[in-house]
Amino acid sequence: MIRIDKLTYRYPGAEKDALQISALHIPAGKFCLVIGESGSGKSTLLRLINGLVPHFTGGTLGGQINVAGLDPVVSGPQVMSRQVGFVFQEVENQFVVDIVEDEIAFSMEQAAIPRSEMQARIKQILQKLNLEHLKTRKVDSLSGGETQRIAIAAALVLEPKILVLDEPTSQLDPLAAEEVLILLKQLQQELGLTIVMSEQRLDRVLAYADMVAILSPDGQLREVGLPQVVIQKCVLKPPIVQLAEKRGWFPLPLDVEQARKFTRDEKFDPLEKAQFEIATQTLIEVQHVHVSLGKRVVLKDIDFSLHAQERLVIMGPNGAGKSTLLRTLLGLIAPNQGKILFKGKKIEFQHTAELSHNIGYLPQDPNALLFSETVQQELETTLRNHQIPVQTERIEHLLTQLSIQTKANAYPRDLSTGEKQRVALGAVVVTQPEIIILDEPTRGLDQLTKNALLELLLEWNQNGKTILLVTHEVEFAAAFASRILILEDGQIVSQGDPRKIMRTHPRYTPQIARLYPETNWLTINDLPS
Amino acid sequence: MNVHTYAWLAWLISGLVVLTTTRNPLIILLVDLILILFQVWITPPSRKILGTTLRFGLSVLTLSTVLNMFISRFGETILFSLPTKIPLLGGNYTLEALVYGLTNGLILIGMFTLFMILNQVVSVHSLVRLIPQAFHPVAVVTTIALTFIPASQKQFQAIREAQAIRGQQLKKLRDWLPLIIPLLIGGLERAMQIAEAMTARGFTAQSDHKTPWFEKALLPLGLIFIILGWILEMSTQLPISGLWIILIGLLLLLILFFISGKRVKKSTYAQEPWTQISTWISLFALLLTMAFLINIPGYQSLAYEPYPKVQLPGFSIFHGLLTLTLLVPIFLMGEVKHDQD
């Protein structure tokens, strides 16, 4: 279905090739997973399949590519849209119109499909994806999972042979992500679709793939083949694969279900994880807080405390009110009822700008923070805003901690996703706040960058920082949290020791805990050597 | 029952015709009251629109009246005078200027309320769908721009918050710089993403067909005819009427749009049914438009001028009654289902 030979591609003005693929063949009806670090060329490869690269981007292309019998370079994206459905990473930015049915109809309107056929196809695709109830809804009123499924419906309505998805689950909670992946597998089997998908969260998707292609950081196709074979040569391995390699399990299991047969006869002494002692000092007290945005009640009777040197992780489905809660803690949203105290003082009497001196907050989108000419200036600006003298050594030390010391004079918005995120983090923690609050800090990061972030946060915590973060990443939360708080439908449904909370809520159970339900283990590091 | 967008446009045009063809303050005041009543009726009570509209109306009236009194010093009925040695402000302030300014304010309120009502009863996408096929790319770009506005508002809020959490307080004009740069760059990035998504879904603004020569000639020809006709119309010395030449120019442009539209290979999903109510609303709108354009009994009272000495305006009961037809949609539509979103 897709055949690539001796392909090279270079972006306009670039000094080196973004992509070099000697040979790649994806047979019809296969589910191909494309993995690699940030900046390795995954998105470029996906965009080559439907001709967006080079038609939209320009640049220099060498070699050959054949997709469903067509050359996308010759045919162009408009012709290729009949063969290739494309779902972008930031789905909300790909919607053109505001109503679900009109959005799905958009590509059919461009293809001049008669109205009666359009109506029939929309009905059919909504039925197939179980989305009929959303037909007349506004796209901005949909949940994360619904938005993703509507984007898939819009991509499939022209009945393409190939579906290409760029990190489709990166913004979804574990349950919504699993629903999307099950749907994709179902579509592959029922329609004989060829699926090409890039993804960072291998623990979620590996078991769904028929083949895996690994791109190296310089854009070369390093490995391609069966997941069981290719994943062994990959540095970004999910916990279950790491465990299997440690224990020498064969054939290599890719998910918990496949691994269970190896653990049936295992004998072990459950490891008692050291109890985290809650420090006596309470930094933030949230007392019976209710928050409404417009007519919608977002948070109901939220009551919890954040203690000194804690690592509190808030988890919950998309739309549960997690980000709203964080914004309320910073005084960006005023509660309708209840109060929030920072070190015993009501925050409603303090401006966010003042609070941010002691509470560093990194929002989901780091781009919103970045506007200076250089990374160094970005950090200096925060210090000046707080009337703190600019000390070069302090900035240099922080940049080194964040591993971006070589980028001090770079333009922040030109950096990679992971680097931009670290610059933004630097810009909010340069005041050395007591508390660091992070909203989805792993969004868009590859596994290596996530691991580096995890280590950095743990180090800061050991040095006395209190950290509160929101994440959908179960494995990250398991490795980091000293306490977990589950928020659903605007209410706290559970909070406490991660070992207990993550087990009692199956959607937040990490792979190791699912494999060894009778132990206290959450991550591979908890296992006895 | 639904009202077709064309019917609403006919209603809007009739309202605009009334507001632009008369300067009789009594008629305009009546139209304003009718439109405010209309707006209150179609707005959910929770939005307390009456108070907002009255506050807005009062500020517009005050502003337009005061401004006109400052600018226009004509009129025989002097209300008060300021010493002429005061630059700009010195001189007579007249009742005629006050009435003229009030009338301007009433017209502005009427127009604003008309568009507010249209905005509430017709979705912008329904209006965009009316753009001819020949302007398909324009229609799509307009649609995207409309989707872009709420997205940009959200982004602005996010950036404002992001800067606040870095200790930024918006006190001086310079403090807004950190908000503008990410907003502009973010907007451009989002525009690129939408353009990319549209391209991937088969949208193209360029036709593959070569445009024939006569089609290329239609646009300049049409424009030449319109300009020529306009010049002739302006010239009082030539006996030829330019109106017909303008019409020929417009016809040529219409032919161009028709031919170009036929070449756009595109279909439309959404379809608006034409209902009986739409017919009635259109007919009443036509009636109102004609009544204010044609010289019928009472027509003279529409042209009111307070200068040089203010007099009570005349009032044509016939025209006054006809303005009530602006309320036809609410009588025909029955109960309004307020959108709680």
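Note that these values count all heavy atoms, side chains included, but never hydrogens, waters or copies made by symmetry. Everything numeric here is computed off the predicted structure, so don't read it as measured data.
- Residue with the most contacts toward chain A among E196(B), R201(B), R166(B): R166(B) (heavy-atom pairs, distance under 4.5 Å).
- For E378(A), the parts lying under 4.5 angstrom from a heavy atom of chain B are both the backbone and the side chain.
- Ranking P160(A), S356(A), G360(A) against chain B, the residue ahead of the rest is S356(A), based on heavy-atom pairs under 4.5 Å.
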(request) May I have the step-by-step check of side chain to side chain contact (heavy atoms under 4.5 Å, CB included) for T57(A) and T44(A), ending in yes or no? (result) CA-CA 10 Å; T57(A) 54; T44(A) 308; over 6 Å; no
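- Neither the backbone nor the side chain of I99(A) comes within contact range of chain B; no heavy atom of the residue lies under 4.5 Å from a heavy atom of that chain.
- For a residue to count as touching a neighbouring chain, one of its non-hydrogen atoms must lie under 4.5 Å from one of that chain's; by this rule E189(B) touches chain A with the side chain only.
- Contacts between I181(B) and chain A at a heavy-atom distance below 4.5 Å involve the side chain alone, from C-beta outward.
- Considering all non-hydrogen atoms of both residues, W8(B) and M333(B) come closest at CZ2-SD, 3.7 Å.
- Under the side-chain hydrogen bond (donor to acceptor under 3.5 Å, both in side chains) criterion, W274(B) pairs with T279(B), not counting sequence neighbours.
- For the set M80(A), H386(A), R413(A), the count of heavy-atom pairs under 4.5 angstrom toward chain B peaks at R413(A).
- Put simply, the residue from L355(A), L369(A), L332(A), V429(A) that forms a side-chain contact (heavy atoms from CB on, under 4.5 Å) with Y361(A) is L332(A).
- Inspection of non-hydrogen atoms places R47(A), N50(A), L52(A) of residues 47-55 of chain A under 4.5 Å from chain B.
- Only the side chain of E90(A) comes within contact range of chain B, judged by heavy atoms closer than 4.5 Å.
- Of the listed residues (Q387(A), H357(A), R327(A)), the one with the most heavy-atom contacts under 4.5 Å to chain B is R327(A).
- The closest side-chain donor-acceptor pair between Q168(B) and R160(B), if any, does not fall under 3.5 angstrom.
- Shown are Q119(A), E101(A), E109(A); of these, the side chain to side chain donor-acceptor pair (under 3.5 Å) with Y269(B) is made only by E101(A).
- For an aromatic pair to be called close, the ring centres must be under 6.0 Å apart, and W11(B) with F38(B) satisfies this.
- In terms of modelled atom types and a separation under 3.5 Å, the side chain of S81(A) and the main chain of Q78(A) share a donor-acceptor contact.
- For the residue pair Q364(A) and E440(A), no side-chain donor N or O sits within less than 3.5 Å of a side-chain acceptor on the partner.
- Residues R82(A) and E159(A) are not paired through a salt bridge, judged by the lack of any N-O separation under 4.0 Å between the basic side chain and the carboxylate.
- Listed options E354(A), H351(A), R115(A) were ranked by heavy-atom pairs under 4.5 angstrom with chain B; first place goes to R115(A).
- For N2(B) and T275(B), the side-chain atoms include no donor-acceptor pair closer than 3.5 Å.
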